Amino acid sequence: MNNAFLNRKINTTLISVLIFIYLGCVGLSALSIESSNFLYKNQFDFIEIFSAVIFIISIIFGFKDIRLYVFFMVFNILALPSCVDNFVPSVLISAINDSKQIYFPMITHIDIYLVIGIIKYWDKSEGFFLDFRKLETKLFFWLLLFLLVSIAGNIFKHNNKYDISLILSHSYHLRYLLLLMLLFRNTSVIKYKKPLFTGVLVAVVFLIFESFSYSYFFYSPSRLTSGTLGHNVLANILTSICCYFFFIIIRKHISLKYLLLVLLIICTVVLTKTRSAIFLLVAYFLFELVTHIVFLCKHKTKFKFYYLFFIVPLLMCISFFYFTQNERLSFNNFKIEKINFSETSLNKIIVLEKNDFNASLVLRLNHFQTSLNMINDQPLLGIGPGRWNTYKQTYGSKELKLMDSHNDLLATMSQYGVIPGLFLCFVICFLPVLSFVKMRKSPSILSDNLKYLFLVSFVMTFAGLTNTGFFKHQIYGFLSLILILTIFNANQSKLNK
């Protein structure tokens with residue numbers, strides 16, 4: 001099949017898949033009104049109403065101007081409080097005997113906003129011609145196929161309404177990619193780089209504001225957290241974005257005034273007390289420090305005053321880290337009682353001393369083992385997306401709270417299958433990096449600011465070793481947006497229709 005034929009069939013195929021998924025979501029929601037596994041709220045608190053008002057305002061302004069639509073698209077994907085989704089039917093994702101019942105929406109606000117943009121700004125004259133000879137394009141559509149096969153296979157394997165509802169609710173891994181592909185291919189949103197960049201800025205500032213507000217008014221000021229993203233995921237995504245901003249600042253793509261934002265992000269990350277995020281920040285700043293020293297030595301350049309901008313954020317990060325240390329953060333408490341490779345489960349192979357520092361590490365080992373048990377039981381298609389927490393106790397977990405794998409690779413492989421899970425992690429995390437390396441000297445449709453977003457995906461790869469970002473749908477939506485920008489940066493020819 002040639003490029004022209006494939007390009008003609010793309011829209012029809014992608015729209016058909018989305019229609020089937022959405023019909024399934026709506027149909028199951030309608031059939032499950034009386035089910036205790038579904039939640040249909042009819043009373044809402046102030047925060048939920050406030051979030052809905054913001055969302056409606058973003059839609060109204062997005063209808064008026066495509067630039068405003070692009071700006072609010074980034075904000076709605078990454079920063080809009082998740083409680084806005086309480087207005088739509090939700091399915092129970094916690095286990096039956098968990099201490100608290102947690103629900104997840106069948107269709108999210110991100111679905112709604114992207115669908116509205118596709119309908120409003122669809123323009124055949126703006127269609128992009130995708131080159132299926134490009135590696136980026138091939139891998140993207142192979143990923144879509146893998147996800148579709150895994151989702152369809154699990155739907156046929158689990159023939160009860162509840163399990164199918166769980167699978168369809170978490171089909172956002174496929175839905176967001178399909179919607180973003182349709183949006184970018186059939187509208188002119190790719191042209192508006194400045195609103196995209198501004199949207200990232202505003203989303204980050206709002207996340208920081210929301211986390212401080214939530215922590216001090218609703219949660220606990222002892223450890224900064226977000227009502228939408230929690231402790232760890234908030235810290236990890238802010239760390240990734242911080243690295244991105246610092247990267248383009250020191251390479252003079254944006255003004256030095258953005259260092260104020262970088263310093264604000266660093267303070268926020270440290271206040272979350274998330275070890276992986278703090279370690280990643282320190283590692284990145286050390287990398288930049290060493291890189292610059294090597295550059296200075298190689299070119300025999302004198303030390304310049306602006307080089308202090310390397311040191312100040314690094315020293316602030318390390319200082320905050322040490323001054324706020326407690327038992328949970330102190331490396332002195334990282335102690336291994338024994339290692340026994342003759343055992344078969346991770347928590348018995350590596351036995352850690354029980355203390356505050358090791359508590360979350362022990363928890364992660366248990367979750368890793370639960371995921372490995374799922375992979376061993378269902379290696380081909382996984383147990384089905386969205387079913388990990390509901391069935392975690394069947395696979396050896398003793399947790400009575402809403403949990404996840406705490407590892408992106410294990411999370412995707414346990415729920416989608418080994419090959420689809422591996423492929424999903426590779427394409428989302430590494431394809432933007434590989435594409436940038438390959439095309440760094442080629443003409444680009446993206447501004448210098450946006451083409452370096454690959455760094456966010458790259459840093460989130462390491463964050464995903466100890467925390468699951470892919471199953472926070474806002475984080476996955478943002479990483480999907482970066483991937484789509486990568487795809488369209490590799491395919492620069494306009495489709496002549």
Side-chain angles (χ1 to χ4, degrees), residues 3 6-7 10 14 70 73-74 77-78 127-147 173-174 176-187 189-193 196-197 199-200 237 240-241 243-248 251 253 284 287 291 408-409 412 419-464 469-470 475-495:
N3 269 328
L6 291 171
N7 273 278
I10 287 174
L14 300 191
V70 172
M73 175 181 68
V74 182
I77 287 175
L78 186 58
F128 268 80
F129 186 88
L130 293 172
D131 187 352
F132 282 85
R133 295 168 297 181
K134 294 276 187 180
L135 176 65
E136 294 84 355
T137 310
K138 289 179 181 178
L139 292 178
F140 177 80
F141 281 95
W142 271 108
L143 173 60
L144 295 184
L145 181 61
F146 277 128
L147 293 178
H173 294 109
L174 176 61
Y176 290 176
L177 292 175
L178 295 174
L179 289 168
L180 286 167
M181 173 56 71
L182 287 170
L183 180 68
F184 276 77
R185 185 175 183 272
N186 298 287
T187 71
V189 294
I190 192 68
K191 293 180 179 179
Y192 303 101
K193 292 94 175 179
L196 273 169
F197 182 73
V200 175
I237 191 62
S240 302
I241 294 173
C243 295
Y244 160 69
F245 276 115
F246 195 70
F247 186 90
I248 58 179
R251 286 156 183 83
H253 295 305
Y284 173 72
F287 166 78
T291 301
D408 277 328
L409 185 59
T412 54
I419 295 176
L422 281 168
F423 207 75
L424 175 60
C425 289
F426 172 79
V427 172
I428 294 291
C429 295
F430 292 109
L431 186 58
V433 182
L434 296 176
S435 182
F436 172 80
V437 171
K438 187 175 72 171
M439 299 190 303
R440 63 186 183 277
K441 295 182 180 180
S442 303
S444 174
I445 60 173
L446 297 180
S447 66
D448 285 339
N449 297 342
L450 293 175
K451 69 182 183 181
Y452 294 110
L453 277 171
F454 76 89
L455 195 59
V456 174
S457 302
F458 184 67
V459 176
M460 284 299 290
T461 303
F462 297 98
F470 280 21
I475 302 301
Y476 178 80
F478 187 57
L479 295 177
S480 297
L481 176 62
I482 295 172
L483 175 63
I484 292 296
L485 288 171
T486 299
I487 301 297
F488 281 86
N489 207 31
N491 291 268
Q492 298 182 54
S493 302
K494 293 292 291 295
L495 177 60

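These figures come from a predicted structure and were not determined experimentally.
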query: Can you name the ring-ring contact (aromatic ring centres under 6.0 Å, His included) partners of Phe141, sequence neighbours left out?
result: Phe132

field: Min side-chain heavy-atom separation Met460-Phe470 under 4.5 Å
entry: no

message: The criterion is side chain to side chain contact (heavy atoms under 4.5 Å, CB included); which residues satisfy it with Phe247, sequence neighbours excluded?
response: Arg251, Tyr284, Glu288, Tyr452, Leu455

query: Any side-chain heavy atom of Glu136 within less than 4.5 Å of one from Leu434?
result: no

- request: Compare all side-chain heavy atoms of Lys193 with those of Val70 and state whether any distance is below 4.5 angstrom.
  value: no

query: Does His173 offer a backbone N or O that forms a donor-acceptor pair with the side chain of Tyr476 under 3.5 Å?
result: yes

- request: Step by step, work out the side chain to side chain contact (heavy atoms under 4.5 Å, CB included) result for Leu485 and Phe184.
  value: CA-CA 8 Å; Leu485 288 171; Phe184 276 77; 3.7 Å; yes

field: Donor-acceptor contact present, side-chain Ser435 to main-chain Pro432, <3.5 Å
entry: no

message: Any heavy-atom pair between the side chains of Leu135 and Lys438 that's under 4.5 Å?
response: yes

task: To the nearest 0.5 angstrom, please state how far the CG atom of Leu453 sits from the CZ atom of Phe458.
output: 15.0 Å

message: Under the criterion side chain to side chain contact (heavy atoms under 4.5 Å, CB included), I'd like the reasoning laid out for Val456 against Phe478: C-alpha separation, chi angles, the key distance, then a yes or no.
response: CA-CA 10 Å; Val456 174; Phe478 187 57; 4.0 Å; yes

message: Please check this pair: side chain of Asn186 against backbone of Leu182, looking for a donor-acceptor N/O pair closer than 3.5 Å.
response: yes

task: Start with the C-alpha distance between Phe436 and Thr486, add both sets of side-chain angles, then the distance that settles side chain to side chain contact (heavy atoms under 4.5 Å, CB included), and finish with yes or no.
output: CA-CA 8 Å; Phe436 172 80; Thr486 299; over 6 Å; no

query: Looking at Met181 and Ile487, what are the two nearest heavy atoms and their distance?
result: CE-CG2, 4.1 Å

task: Quick one: pull up CG in Leu144 and CG in Leu14 and give me the separation to the nearest 0.5 Å.
output: 6.5 Å

message: Donor-acceptor check, side chain of Thr187 to backbone of Leu183, threshold 3.5 angstrom: yes or no?
response: yes

query: Given the rule in the side chain to side chain contact (heavy atoms under 4.5 Å, CB included) test, do Leu78 and Val200 qualify, once you have shown the distances and angles that lead to the verdict?
result: CA-CA 8 Å; Leu78 186 58; Val200 175; 5.6 Å; no

task: Starting at CG of Leu177, measure out to OG of Ser480 and round the result to the nearest 0.5 Å.
output: 4.5 Å

Residues that Ile419 engages under side chain to side chain contact (heavy atoms under 4.5 Å, CB included), provided they are two or more places apart: Phe146

field: Backbone of Lys451 reached by a side-chain donor or acceptor of Asn489 within 3.5 Å
entry: no

message: Using 0.5 Å steps for rounding, measure from the CZ atom of Phe462 to the OG atom of Ser240.
response: 10.5 Å

- prompt: To the nearest 0.5 Å, how far apart are CG in Leu139 and CG in Leu431?
  reply: 5.5 Å

query: Looking at side-chain heavy atoms only, is the closest gap between Ile428 and Ile482 below 4.5 Å?
result: no

message: With a 4.5 Å cut-off on side-chain heavy atoms, are Phe140 and Ile484 touching?
response: yes

task: Compare every heavy atom of Met73 with every heavy atom of Leu196, then report the nearest pair and how far apart it is.
output: CD2-CE, 3.8 Å

statement: Output for pair (Ile237 CD1, Ile475 CD1), nearest 0.5 Å, gives 4.0 Å

statement: Heavy atoms of Gly421 and Leu409 approach each other most closely as O-CD1, 4.4 Å

field: Closest heavy-atom pair and its distance - Cys425, Asp408
entry: SG-O, 3.8 Å

